[in-house]
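Below is one structure, written out as structure tokens; comments come after it.
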Amino acid sequence: MKESDSKNSGPTFFPSQPDITEYDDEASFPLSNYNENALTEKMRSTMKEEAKPPLVRQLEVFEDHDEAPRPNTNHEDFPVCKKSLSTALTRIALAPSESNQNEITTISIGDSTAAICPSLTDRFSVKSHDTQLAVARLVCPSDDGSIIYTATEMTVSPSANPPLYKSRKCRLCTACVLVILGTLVVLAVVYASKTSVKSSAEMYYYSRVPTIKPTTFRQSLGIEEMIEKNVLERNATFRLMNDRDPRHSALKWLLYDDKLQLSSDDPNLSQRYILALLAFSFDSLSWNCGMTYGLQLCYDDNETGINDYSLWLSGTNECLWYGVSCDDNGVVRSLDLAENNLIGELPAEISGLKLIESLLLGDNCLYGTVPSEIWKNSNLKSIDFGGNVLSGMISDELYQLSCLVYLKFAFNYGELSCHHSDGNVTSISSFGLEGNILGPQIGQLQHLKEISVGTNSFSGSISSEIGGLKQLEILDAGDNLLSSSIPNELTHLGNLRELFLEANNLTGMLPSRIGDLGALEVLSVFDNYMSGTIPNSLYKLSKVKKLHLYNNVPGFSGAIKADIGNLQHLKELRMYSNPLLFGTLPSELGRCGNLNIIQLHSTNLSGTVPLDVCSLSKQKLNAISNPDLDEYFVLDCSPYETLGPQINCSCCSTCCDHITKVCTNKYDSL
């Protein structure tokens, strides 16, 4: 070693110091695994010329300071040196004390120097600006116990690290990895065991649905991507769907089981997928002409005779499936699955039948909400969702269907028992559909002929705009939560045949011009809070068959006028529980030859029933004409204690006490 290098790397060494060896090759000097014998032989061969004892037997470098050995009182080890090594080679030099040549008191590492205290239990450190950390110790000769008395200089490589298995951090990381891997293995085993167990009912149904396969030729055609883009709603993707999702099942059927094997550019691919989706959504195994393996045809015996249809999900064209009607171009125009035991929720993707005009799904077991996407089908003319257990608000987008003719939401309030294909029976209840169904926007549906929304939870008032629906023939909004009064504009509906507004919260009087409804056959406003006198124009309803004005609070008032004889087609006259109704029963009522029900009890009518009316009893007002009704002619004709009857009737089927409201059947008392 040159003298100038010695000065730059540490304290001044003795002149007699030999030049040991300088290791410039990093790979040639792995200090942690250095061969002690090789170093000794190297040093001895160098010392023979000057007859000096070996200077250093081994210099060990430790990457982790915590792994470095601690000094002991036997003077076998020198104190540990903590040093940050740079990426360049660093020279480590040891020098003896000036006072005692047998004791090394300083260590030089690069340009930094630290003193070694005489007490070997003390620690020292050398500070540096380098980035790598290393620790070093000087090992004394093991046998003779002599102290190193001459400085030595060696070159240390920063990459000279101990084996990984000696690193405490390495051992800790390895243990953590093993724990994580073990946990993952346990979770995988548990998950596999759970998914392998299925109920017999699930296996029965889902065995019909093919499992998803690796990428196949069919998948490579882009069918899945086309369905996602053109049919799926609400940003849905097959990748995020559960395998049991009906949308996913329909896709698998289309890819693997459909015998037609349509391509992605087939114009009927979307509608075939949507119909398959309905089959999987509504438990088609329980339908008439639903998904039944081994058969291709089914039969429907109806008024037009026996018709044969193809089963759903069969290999035939979807236009031949039961309840499906298409135009000459093979595009679905009508879907009639009413009264067919459909069980499930309406999928939003049904809106993909862009040109459909008639969607009839009434009298089934459909539950959940009505997707607002359905109202995007501007060609819809007929909608029937009645007789189910649907719930939730009806979107205002409904009023964009300017072509709508028939709107049926009736009877969604209540409870249904749904019989599934696997034999299970579930009971589903609903409070019905909600919203202001007869609000101002109803006037936009100018082509409506029928509004059947009874037995739901619709609220709000009846808008005067309803008077603009000149083609309206049926308005059934009974058994809801409608309030306010009946608007006079309703009398503009010259084609109206049936008006059902019973069991609401309606107040006020009947419109004074109600007689303008010349085509009216049914007027039902019972169970409300209406009042006032019966309008004279009511007796102009020459086609009316049913007058149901009973059980109003405070109730209708006044007398029944002789003009009631003009109602030649009247079959049912029910005006009971109107305590403000007074006067006598006019004999002209006998002219209503079609009458078979008269119920006028719990009123203030008095006098004696005219013979002309009693003559009806011999013709129409009897048990033969009303086999299912005992109370076909009911008046307050029963005496109360010492008081006589409210009205005398010798031909009534049932007499009631106007005080106690107790009624007695004439034939029961015999």
Side-chain angles (χ1 to χ4, degrees), residues 208-210 216-219 221-232 246-302 304-342 344 346-347 349-361 364 374 377 379-382 384 421:
R208 290 160 168 73
V209 182
T216 63
F217 172 73
R218 291 281 291 161
Q219 285 181 306
L221 295 178
I223 295 175
E224 179 177 335
E225 291 76 10
M226 195 284 294
I227 297 296
E228 280 190 355
K229 179 181 178 181
N230 298 330
V231 179
L232 295 188
R247 295 170 295 181
H248 201 269
S249 300
L251 174 66
K252 290 187 287 186
W253 176 84
L254 197 67
L255 288 174
Y256 306 123
D257 282 0
D258 184 10
K259 294 180 180 179
L260 292 190
Q261 295 290 283
L262 301 182
S263 61
S264 59
D265 59 351
D266 193 293
N268 288 346
L269 180 68
S270 293
Q271 73 176 21
R272 192 169 180 85
Y273 169 79
I274 294 170
L275 294 177
L277 171 58
L278 295 181
F280 286 104
S281 297
F282 297 151
D283 189 8
S284 62
L285 288 173
S286 65
W287 301 1
N288 174 39
C289 299
M291 182 172 60
T292 305
Y293 283 87
L295 299 175
Q296 290 293 322
L297 297 177
C298 66
Y299 303 93
D300 180 33
D301 187 2
N302 54 37
T304 61
I306 299 177
N307 299 312
D308 59 315
Y309 301 93
S310 294
L311 294 174
W312 279 64
L313 301 186
S314 62
T316 59
N317 187 287
E318 65 273 11
C319 292
L320 300 176
W321 294 355
Y322 173 79
V324 179
S325 299
C326 300
D327 59 20
D328 294 339
N329 296 319
V331 179
V332 175
R333 292 287 187 167
S334 174
L335 184 61
D336 184 358
L337 294 175
E339 299 182 66
N340 207 37
N341 200 36
L342 276 62
L346 284 165
E349 285 72 16
I350 199 172
S351 62
L353 300 174
K354 302 295 184 182
L355 299 180
I356 193 169
E357 297 177 353
S358 181
L359 183 57
L360 309 178
L361 304 177
N364 284 292
I374 291 179
N377 297 65
N379 291 299
L380 273 173
K381 295 180 179 179
S382 300
D384 183 4
S421 59

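All values below come from the heavy atoms of this structure, side chains included, with hydrogens, waters and symmetry mates left out. It should be emphasised that the depicted structure is a prediction, and the values quoted were computed from it without experimental measurement.
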Atom of Trp321, atom of Ser314 and distance for their closest heavy-atom approach: NE1-OG, 3.5 Å
Sub-4.5 Å side-chain heavy-atom contact between Leu359 and Asp384: no
Close side-chain approach of Glu357 to Leu380, heavy-atom, < 4.5 Å: no
Which atom of Leu262 lies closest to which atom of Arg272, heavy atoms considered: CD1-CD, 3.6 Å
Approximate separation, where rounding is to 0.5 Å, of Asn341 CG and Ser286 OG: 4.0 Å
Modelled atom types, side-chain donor and acceptor of Ser334 and Ser325, under 3.5 Å: no
Under 3.5 Å: donor-acceptor pair, side chain of Asn364, backbone of Asn340: yes
Gap separating the CG atom of Leu275 from the CG atom of Leu313, nearest 0.5 angstrom: 9.0 Å
Salt-bridge present (Asp257, Lys252; N to O < 4.0 Å): no
Straight-line distance of Ser264 OG to Asn230 CG, nearest 0.5 Å: 10.5 Å
Side-chain donor or acceptor of Asn379 paired with backbone N/O of Leu355 under 3.5 Å: no
N/O donor-acceptor pair under 3.5 Å between Asp258 side chain and Leu260 backbone: yes
Asn268 side chain reached by Glu318 side chain, heavy atoms, under 4.5 Å: yes
Sub-4.5 Å side-chain heavy-atom contact between Ile223 and Leu269: yes
Min side-chain heavy-atom separation Pro347-Phe282 under 4.5 Å: yes
Aromatic ring pairing Trp312/Trp287, orientation class (parallel under 30°, perpendicular over 60°, tilted between): perpendicular
Backbone N/O of Gly330 and side chain of Gln271: donor-acceptor pair under 3.5 Å: yes
Side chains of Val332 and Cys326 in contact at under 4.5 Å (non-hydrogen atoms): yes
From CG (Leu251) to CG (Leu232), nearest 0.5 Å: 8.5 Å
Nearest heavy-atom neighbours spanning Leu335 and Leu278: CD2-CD1, 3.5 Å
Student check: side-chain heavy atoms of Tyr273 and Met226 closer than 4.5 Å: no
Donor on one side chain, acceptor on other, Asp283 and Ser421, under 3.5 Å: yes
Main-chain N/O of Cys319 paired with Asn317 side-chain donor or acceptor, under 3.5 Å: yes
Separation between CG of Asp327 and CZ of Arg333, rounded to the nearest 0.5 Å: 4.5 Å
Check: Leu277 main-chain N/O paired with Ser281 side-chain donor or acceptor under 3.5 Å: yes
Min side-chain heavy-atom separation Tyr322-Ser310 under 4.5 Å: no
side-chain contact (heavy atoms from CB on, under 4.5 Å) assessment of Leu360 paired with Leu337: CA-CA 6 Å; Leu360 309 178; Leu337 294 175; over 6 Å; no
Point-to-point distance, once rounded to the nearest 0.5 Å, from CG of Leu254 to OG of Ser249: 12.5 Å
